[in-house]
Amino acid sequence: MSFTSIPILDLQLAQDEATKPAFLRQLRHALLEVGFLYLRNAGIPDELVQDVICKGKGFFDVPLEEKLRIEMRNAKSFLGYSRLAAEVTAGETDHREQIDLSTEHTVPLPSAPLYHNLLAPNQWPDETYAPGFRATYTEYMRRMGSMSIYFTSLIAEAIELPSDAFNKYFDEDQQHKLKIVKYPDMGELGAEGEGEGQGVGPHKDSMLTSYLLQATPHRGLQVQNVQGEWIDCPPIDGTLVVAIGQGMEALTQGVCVSTTHRVLSPSAGSGARYSIPFFQGAKLDAEFDDLETVGVGKVPEDVKEQRRRVVERSGGRIDDVEFTFRAGAAARTLGEATLRNRVKSHPDVGERWYPHILRAIREEQAAAAKRSAAEKGSAAGAAPRAVEAH
């Protein structure tokens with residue numbers, strides 16, 4: 001059997017030597033069997049969390065002309081505001097409006113690799129329209145960055161690696177990212193029926209870990225178990241939802257599982273759903289040769305064997321996934337792969353700043369579609385739809 005619910009862990013237990021062993025056992029279970037968990041007592045002051053939620057919702061009331069002034073397509077960094085339906089996942093349009101932020105960096109030198117364009121200052125809304133927004137989100141990202149580094153040290157310990165095993169994959173001034181997302185309800189989208197709308201399509205997060213603050217009581221986030229069933233991940237007060245990324249799966253030699261998830265649009269009349277995911281970054285200059293062959297060293301055999309038993313017990317279903325942490329002809333480093341992924345997700349930005357990358361991606365997609373059409377009907381069973389890394 002595969003998982004049918006998402007485990008809840010209390011980070012406070014990890015800070016007491018008497019309760020830490022039990023916490024690490026719970027964490028190992030979540031890492032090997034689910035790839036998702038709820039995290040209580042993450043160490044972020046509740047007053048700051050409530051301010052983040054309030055100012056996050058308020059951003060979408062900023063006048064449209066001000067939001068368009070900081071539109072994502074104005075910058076090479078993929079930071080800034082995205083209009084409704086500007087992003088694509090799994091080949092379909094996502095019905096969400098959002099702003100992308102990151103821990104800030106200076107504009108890269110002209111001689112820097114192209115993917116260093118991802119390291120840049122934010123496009124902030126003017127204080128006149130969003131007073132205190134910049135200060136609140138700068139502080140939240142700072143605290144979340146520190147917490148995420150600590151949490152990955154616990155992941156290392158949970159699978160019997162040294163607590164600093166992942167440190168070499170972080171920059172001294174590591175970039176982390178954050179989104180503030182509004183999912184309009186089906187009525188606002190002009191669809192009053194009972195059908196499901198794609199808030200964001202099936203995907204796996206691409207880096208090491210991500211931390212979702214569900215800012216309204218709407219359901220909609222769903223996690224797919226290995227039997228293909230969609231498991232609800234509803235909001236729980238006082239928690240963050242932690243997703244394990246493809247990078248963690250790669251660095252742990254498949255022991256920590258990255259799990260497919262999606263968001264359904266809220267039902268008509270229920271109002272907009274708001275969520276604020278924080279994405280822990282990793283060193284963009286890291287080369288795949290190091291990531292894939294060196295990794296964090298040898299994961300103990302007993303831990304690998306435990307993961308193998310989980311796979312066997314659950315039937316061994318494997319997703320057809322576009323894996324960001326994988327070398328290829330077009331990507332030698334994590335930064336190159338990340339840039340391509342951003343161009344694919346935001347073709348309007350790619351059209352303006354990276355037309356050669358977008359053209360290559362579209363040629364690859366056309367060739368893949370042609371191969372798929374030629375093979376259609378010859379396979380014994382239907383292949384699962386590929387999902388993207390975000």
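Atoms considered below: every heavy atom in the structure, side chains included; atoms not considered: hydrogens, waters and symmetry mates.
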>> One thing to verify: whether Arg307 and Glu249 come together as a salt bridge, which I'm taking to mean a side-chain N less than 4.0 angstrom from a carboxylate O.
In response: no
> Out of Gln175, Lys177, Lys179, which one pairs with Ser102 under the side chain to side chain donor-acceptor pair (under 3.5 Å) rule?
Replying inline: Gln175
> Between Ala272 and Glu188, what is the shortest heavy-atom contact and its length?
Replying inline: N-OE2, 3.9 Å
> Can you check side chain to side chain contact (heavy atoms under 4.5 Å, CB included) on Val181 and Tyr274, steps first, answer last?
Replying inline: CA-CA 6 Å; Val181 187; Tyr274 295 87; over 6 Å; no
> Rounded to the nearest 0.5 Å, what separation is found between the CZ atom of Phe23 and the CG atom of Leu9?
Replying inline: 5.0 Å
> Is it true that Glu97 and Arg83 have a side-chain N and a carboxylate O under 4.0 angstrom from each other?
Replying inline: no
> With no hydrogens and no angle check, is any side-chain donor or acceptor of Asp171 less than 3.5 Å from a backbone partner on Asp173?
Replying inline: no
> Are Trp353 and Asn117 close enough that some pair of their side-chain heavy atoms sits under 4.5 Å apart?
Replying inline: no
>> If you apply the rule side chain to side chain donor-acceptor pair (under 3.5 Å), what do you find for Asp185 with Ser270, and how did you get there?
In response: CA-CA 6 Å; Asp185 73 30; Ser270 66; 4.6 Å; no
>> Whether the side chain of Arg352 engages the backbone of Arg73 through a donor-acceptor N/O pair (distance < 3.5 Å, no angle test) should be reported.
In response: yes
> Are the charged groups of Glu139 and Arg143 less than 4.0 angstrom apart, N to O?
Replying inline: yes
> Can you tell me how far CD of Gln222 sits from CZ of Arg262, rounded to the nearest 0.5 angstrom?
Replying inline: 4.5 Å
>> Side chains of Cys256 and Ile155, heavy atoms from C-beta outward: is any pair under 4.5 Å?
In response: yes
> Aromatic rings Tyr137 and Tyr140: how do their planes relate, parallel, tilted or perpendicular, breaks at 30° and 60°?
Replying inline: perpendicular
>> I'd like to know if the side chain of Thr19 reaches the main chain of Leu13, judged simply by a donor and an acceptor atom lying under 3.5 Å from each other, with no hydrogens or angles considered.
In response: yes
>> Within this structure, what is the CD-CZ distance for the pair Gln214 and Arg273, rounded to the nearest 0.5 Å?
In response: 5.0 Å
> Are any of the side-chain heavy atoms of Arg96 and Tyr183 separated by less than 4.5 Å?
Replying inline: yes
>> Can you confirm if the aromatic rings of Phe278 and His176 lie within a centre distance of less than 6.0 Å?
In response: yes
>> Walk me through whether Asp237 and Arg40 qualify under salt bridge (Lys or Arg N to Asp or Glu O under 4.0 Å).
In response: CA-CA 9 Å; Asp237 287 344; Arg40 291 193 188 278; over 6 Å; no
>> I'd like to know whether Glu375 forms a salt bridge (Lys or Arg N to Asp or Glu O under 4.0 Å) with Arg371, so could you lay out the CA-CA distance, the side-chain angles of the two residues, the decisive distance to 0.1 Å, and finally the verdict.
In response: CA-CA 6 Å; Glu375 295 168 358; Arg371 287 194 303 270; 5.5 Å; no
> About how many Å separate CD1 of Ile244 and CG of Leu31, when rounded to the nearest 0.5 Å?
Replying inline: 5.0 Å
>> Under 4.0 Å between a side-chain nitrogen and a carboxylate oxygen: does that hold for Arg219 and Asp232?
In response: yes
>> Hydrophobic clusters here meaning ILVMFWY residues chained together by side-chain heavy-atom distances under 4.5 Å, can you tell me if Ile6 and Leu264 are in one?
In response: no
>> If only side-chain N and O atoms count, and only distance matters, is there a donor-acceptor pair under 3.5 Å linking His116 with Asp285?
In response: yes
>> Measuring only between side-chain heavy atoms, which start at C-beta, is Phe288 closer than 4.5 Å to Thr333?
In response: no
> Do Tyr211 and Phe151 have side chains that get closer than 4.5 Å, going by heavy atoms?
Replying inline: yes
>> Working to the nearest 0.5 angstrom, can you tell me the gap between Leu240 CG and Leu39 CG?
In response: 6.5 Å
> Under the side chain to side chain contact (heavy atoms under 4.5 Å, CB included) criterion, do Met72 and Arg342 qualify, and how do the steps go?
Replying inline: CA-CA 11 Å; Met72 183 184 286; Arg342 298 299 281 161; 3.9 Å; yes
> Side-chain contact, heavy-atom cut-off 4.5 Å: Glu364 with Arg340?
Replying inline: yes
>> Tell me whether Tyr81 contacts the main-chain N or O of Trp124 through its side chain, where contact means a donor paired with an acceptor under 3.5 Å.
In response: no
> For the residue pair Pro125 and Ile70, what are the closest heavy atoms and their distance?
Replying inline: N-CD1, 3.7 Å
>> Please give me the minimum heavy-atom distance between Pro202 and Thr260, naming the atom from each residue.
In response: CB-CG2, 3.9 Å
> Yes or no on side chain to side chain contact (heavy atoms under 4.5 Å, CB included) for Leu339 and Leu118, after CA distance, side-chain angles and deciding distance?
Replying inline: CA-CA 7 Å; Leu339 178 58; Leu118 300 172; 4.2 Å; yes
> Roughly how far, to the nearest 0.5 Å, is the CD1 atom of Ile159 from the CG atom of Leu251?
Replying inline: 9.5 Å
> Does the side chain of Thr89 pick up a donor-acceptor pair with the side chain of Asp94 at under 3.5 Å?
Replying inline: yes
> How close do Lys304 and Val299 get, heavy atom to heavy atom, and via which atoms?
Replying inline: CE-O, 3.4 Å
> Is there a path of hydrophobic side-chain contacts, each under 4.5 Å between heavy atoms of I, L, V, M, F, W or Y residues, that connects Tyr38 with Val34?
Replying inline: yes
> Within a strict 4.5 Å, meaning less than it, do heavy atoms of the Met141 and Leu101 side chains meet?
Replying inline: yes
> Are the side chain of Ser345 and the backbone N or O of Asn341 linked by a donor-acceptor pair below 3.5 Å?
Replying inline: yes
>> Strictly below 4.0 Å, N to O, side chains only: are Arg308 and Glu301 in salt-bridge contact?
In response: yes
>> Using only atom types and a distance under 3.5 Å, with no angle test, would you say the side chain of Ser148 pairs donor to acceptor with the backbone of Gly145?
In response: yes
> Is the closest side-chain heavy-atom distance between Leu24 and Arg28 below 4.5 Å?
Replying inline: no
> If you take all heavy atoms of Asp100 and Asn122, which pair is closest and at what distance?
Replying inline: O-OD1, 4.4 Å
>> If the condition is side chain to side chain contact (heavy atoms under 4.5 Å, CB included), which residues does Glu351 pass it with, not counting sequence neighbours?
In response: Leu358, Arg362
> Is there a side chain to side chain contact (heavy atoms under 4.5 Å, CB included) between Asn74 and Gln123 once you walk through the steps?
Replying inline: CA-CA 9 Å; Asn74 296 336; Gln123 297 194 81; 4.1 Å; yes
>> Taking CG in Asp302 as the centre, count heavy atoms belonging to other residues, nucleotides or ligands within less than 6.0 Å. Is the count above 12?
In response: yes
>> Checking side-chain polar atoms at under 3.5 Å, does Gln280 have a donor or acceptor matched by the opposite partner on Thr209?
In response: yes
> Counting only N and O atoms by type, is there a donor-acceptor contact under 3.5 Å from the side chain of Lys283 to the main-chain atoms of Lys168?
Replying inline: yes
> Between Ile276 and Ala215, which heavy-atom pair has the shortest distance, and what is it?
Replying inline: CD1-CB, 4.5 Å
>> Could you check, using the six-membered ring where one of them is a Trp, whether Phe36 and His261 have ring centers closer than 6.0 angstrom?
In response: yes
>> Salt bridge check, Glu104 against Arg134: does any charged N sit closer than 4.0 Å to a carboxylate O?
In response: yes
>> Are Phe170 and Phe166 an aromatic pair, judged by ring center distance below 6.0 Å?
In response: no
> What pairs of residues pass the side-chain hydrogen bond (donor to acceptor under 3.5 Å, both in side chains) test when at least one of them lies in residues 54-66, not counting sequence neighbours?
Replying inline: Asp51-Lys55, Glu66-Arg69
> Should the heavy atoms of other residues, nucleotides or ligands under 6.0 Å from CD of Glu305 be counted, would the total exceed 12?
Replying inline: yes
